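Remember, it's 1-based here, ligands and their atoms both numbered in the order they're listed. Keep in mind the model is a prediction, meaning the values are calculated, not measured.
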Amino acid sequence: MKTLLVTGGCGFIGSNFIRYMLDKHPDYMIIGIDALTYAGNPENLKSIEDNPNYRFFRADIRNRNMIEQIFAFYTIDYVVNFAAESHVDRSIKEPDVFLTTNILGTQVLLDAAKRQWRLHPGNKYDRSYRDGVRFHQISTDEVYGSADDGEKFTEESPLRPSSPYSASKAGADMVAMAYRRTYGLPVTISRSSNNYGPYQFPEKLIPLIIINCIYDRPLPVYGDGLQIRDWLHVNDHCRAVDMILHSGKDGDIYNIGGDNEKANIDIVKQIIHTLGKSEELINYVEDRPGHDRRYATDSTKIETQLGWSRNHSFEQGLEECISWYLDNMGWVKRIVSGEYRRYFETMYG
Ligand SMILES: NC(=O)c1ccc[n+]([C@@H]2O[C@H](COP(=O)([O-])OP(=O)(O)OC[C@H]3O[C@@H](n4cnc5c(N)ncnc54)[C@H](O)[C@@H]3O)[C@@H](O)[C@H]2O)c1
């Protein structure tokens with residue numbers, strides 16, 4: 001049995017990933033940890049909370065003591081680090097927590113993994129580790145900054161992050177790669193494009209627009225709405241991470257894109273029409289400072305080297321996603337009212 005530590009497991013992608021992995025690898029033990037910030041919702045994992053192969057700990061990845069205790073208690077084979085402050089707008093207002101969680105928190109995890117996995121910790125030149133271990137860092141295509149017309153980012157593209165969020169993710173990537181080069185720690189990194197799917201916190205474009213549409217509230221659109229994002233279904237992302245974890249090359253970086261570039265305003269209109277609402281709900285607001293105009297991700301490497309491909313077309317994926325939010329209005333209401341924040345106390349005391 002392999003033991004997988006997933007950080008940020010109560011967030012959008014982390015919770016989808018834990019469900020995906022328990023289904024795909026029923027013999028794995030999964031340890032989920034999450035600080036339960038405003039973005040962490042343990043209800044996202046309600047369907048698996050009684051699964052004997054899943055354990056949850058409320059822990060902040062910056063808390064070295066607690067992280068080391070978890071590593072002391074479990075023999076961990078894989079770490080997948082999703083835990084992060086993830087919303088660009090918040091990073092513009094409060095950059096500090098982005099730098100501490102996303103960079104220093106990652107370093108705490110790297111240290112704990114190095115300490116548990118290293119075969120001869122007393123020898124600073126020794127680069128041997130227990131067989132079959134890996135630290136996978138979840139990064140983002142935003143580290144490459146804004147793409148020019150016709151340009152697609154490859155793994156070799158320079159890092160030109162624009163926001164405190166993307167700068168902190170680029171910083172974490174560099175720290176992870178430094179641990180690979182200096183200490184030989186088995187590390188991989190993936191940089192995915194924008195995800196959509198069930199359980200996404202409604203501060204991000206697609207769930208925000210779906211939920212505001214449902215409640216006939218104004219639909220805020222930044223600037224002219226022509227910013228282009230490359231949308232990827234969260235399950236296609238989870239499958240890619242699983243492949244990298246098991247077959248990716250140690251020390252390598254993999255881009256994961258949706259091959260599906262859409263302007264924000266077109267997404268907004270598609271949701272409006274699917275829900276039978278009026279475009280009069282659209283409310284153009286002042287653009288975000290430093291807003292990247294376009295993201296475009298070249299996924300050739302993961303496609304050709306690991307055989308990954310997308311299972312979801314955007315049209316079908318978006319319709320399913322809208323249906324999911326409509327079918328889970330209890331979840332939506334508990335988020336909108338803030339009641340979800342009481343779930344942990346109610347369930348776990
Ligand atoms: N959502 C996207 O489109 C997207 C695209 C590319 C990459 N990513 C990356 O994927 C990861 C997950 O993104 P998401 O959209 O699921 O974000 P999210 O905000 O939904 O989830 C983040 C989770 O991390 C937890 N967390 C925050 N600070 C923590 C800390 N100090 N210690 C422990 N847990 C903490 C939160 O409670 C939350 O559950 C992030 O690393 C993000 O940078 C996201």
His87/Tyr165 aromatic ring centres below 6.0 Å = no
Identify all N/O pairs between ligand 1 and the protein with a separation under 3.5 Å and present them as a table of atom names and distances.
unit_1	atom_1	unit_2	atom_2	d
ligand 1	3 (O)	Asn195	N	2.8
ligand 1	16 (O)	Phe12	N	3.3
ligand 1	16 (O)	Ile13	N	2.8
ligand 1	17 (O)	Ser86	OG	3.2
ligand 1	19 (O)	Ser86	OG	2.7
ligand 1	20 (O)	Phe12	N	3.0
ligand 1	31 (N)	Asp60	OD1	2.8
ligand 1	31 (N)	Thr101	OG1	3.1
ligand 1	32 (N)	Ile61	N	2.9
ligand 1	34 (N)	Ala35	N	3.1
ligand 1	37 (O)	Asp34	OD1	2.5
ligand 1	37 (O)	Thr37	N	3.1
ligand 1	37 (O)	Thr37	OG1	3.0
ligand 1	37 (O)	Gly40	N	3.4
ligand 1	39 (O)	Gly11	N	3.0
ligand 1	39 (O)	Asp34	OD1	3.3
ligand 1	39 (O)	Asp34	OD2	2.6
ligand 1	41 (O)	Phe82	O	3.0
ligand 1	41 (O)	Lys169	NZ	2.6
ligand 1	43 (O)	Tyr165	OH	2.6
ligand 1	43 (O)	Lys169	NZ	3.1

inquiry  = Between Asp259 and Lys152 (salt bridge meaning N to carboxylate O under 4.0 Å), is one present in this structure?
reply    = yes
query = Counting heavy atoms not belonging to Tyr284, are there more than 12 under 6.0 Å from its OH?
reply = yes
query = Is there a path from Leu104 to Leu110 through hydrophobic residues (I, L, V, M, F, W, Y) whose side chains come within less than 4.5 Å of each other?
reply = no
query = Do you know which of Thr101, Asn102, Thr100 makes side chain to side chain donor-acceptor pair (under 3.5 Å) with Ser168?
reply = Asn102
task = Please report the closest heavy-atom contact between Arg310 and Ser299, naming both atoms and the distance.
result = NH2-OG, 3.6 Å
